[in-house]
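Beneath this line is the structure, given in structure tokens, with notes to follow.
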Amino acid sequence: MNIIEGSIVKAVAGRDKDSYFVAVGIHDGFVEIADGKERKLEKPKRKNIKHISPENVIIDTKELTNKKLRKLIYEFKTQNQNSADQQP
């Protein structure tokens, strides 16, 4: 897996399965993820790298706030839903 800081990731295991997050840190096989709502930037969730899937989108984490993070994740989800609806 090629997960770097700023990557949008999807949780594939755990209680937050199928939710989108942004990787805000990587340490010893674990990734710290935040979504700006349940998991704020100040207190990200530590998740095993095996339990997330990268979405091939990277955002700039400098000057990122929880509000901006929520907006970016919302836009990403709606864009993916629209593209999924258009496929036959």
Side-chain angles (χ1 to χ4, degrees):
M1 278 187 206
N2 190 12
I3 299 172
I4 60 172
E5 188 173 329
S7 297
I8 293 184
V9 297
K10 183 177 183 179
V12 294
R15 73 172 58 176
D16 46 348
K17 182 178 178 180
D18 296 329
S19 298
Y20 291 97
F21 298 91
V22 172
V24 293
I26 301 168
H27 307 286
D28 301 324
F30 289 91
V31 178
E32 293 178 344
I33 57 175
D35 65 358
K37 186 176 182 180
E38 297 293 322
R39 296 294 176 172
K40 307 269 184 184
L41 289 167
E42 299 82 30
K43 191 174 180 187
K45 179 176 178 143
R46 190 170 164 235
K47 195 147 179 84
N48 191 319
I49 200 164
K50 297 177 190 176
H51 299 160
I52 57 175
S53 172
E55 294 293 321
N56 297 325
V57 176
I58 300 173
I59 62 170
D60 184 23
T61 57
K62 296 194 188 301
E63 299 180 20
L64 190 63
T65 63
N66 289 314
K67 185 176 180 177
K68 289 179 186 177
L69 181 56
R70 287 191 304 269
K71 183 179 178 187
L72 288 169
I73 291 174
Y74 175 77
E75 289 171 355
F76 178 77
K77 285 193 314 189
T78 55
Q79 183 182 26
N80 278 354
Q81 288 174 351
N82 289 341
S83 64
D85 290 343
Q86 293 174 357
Q87 293 179 0

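Given the structure is predicted, the values throughout are model-derived calculations rather than measurements.
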Exercise. Can you tell which of T78, N80, L72 makes a side chain to side chain contact (heavy atoms under 4.5 Å, CB included) with F76?
Worked result: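 Of the listed options, the one satisfying the test is N80.
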In Å, rounded to the nearest 0.5 Å, how long is the span from [atom1] of [X] to [atom2] of [Y]?
{"X": "E5", "Y": "I58", "atom1": "CD", "atom2": "CD1", "value": "11.0 Å"}
{"X": "K68", "Y": "N66", "atom1": "NZ", "atom2": "CG", "value": "11.5 Å"}
{"X": "L41", "Y": "E32", "atom1": "CG", "atom2": "CD", "value": "11.0 Å"}
{"X": "D28", "Y": "R46", "atom1": "CG", "atom2": "CZ", "value": "8.0 Å"}
{"X": "Q79", "Y": "Y74", "atom1": "CD", "atom2": "OH", "value": "12.5 Å"}

Problem set entry | N48 side-chain N/O to H51 backbone N/O, donor-acceptor pair under 3.5 Å | no
For [X] versus [Y], what's the shortest heavy-atom pair and its separation?
{"X": "D35", "Y": "E38", "result": "OD1-N, 3.1 Å"}
{"X": "V24", "Y": "A34", "result": "CG1-CB, 4.4 Å"}
{"X": "I3", "Y": "I26", "result": "O-CD1, 3.0 Å"}

Problem set entry | Neighbour count >12 (heavy atoms, 6.0 Å) for atom CG, N56 |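 Open: at most 12 neighbouring heavy atoms sit under 6.0 Å from CG of N56.
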Atom pairs and distances, side-chain donor-acceptor, residues 6-22, under 3.5 Å, sequence neighbours left out:
unit_1, atom_1, unit_2, atom_2, d
S7, OG, I4, N, 3.2
S7, OG, I4, O, 2.8
D16, OD1, K47, NZ, 3.3
S19, OG, D16, O, 3.2

Problem set entry | V57 with I33, same ILVMFWY side-chain cluster at under 4.5 Å | no
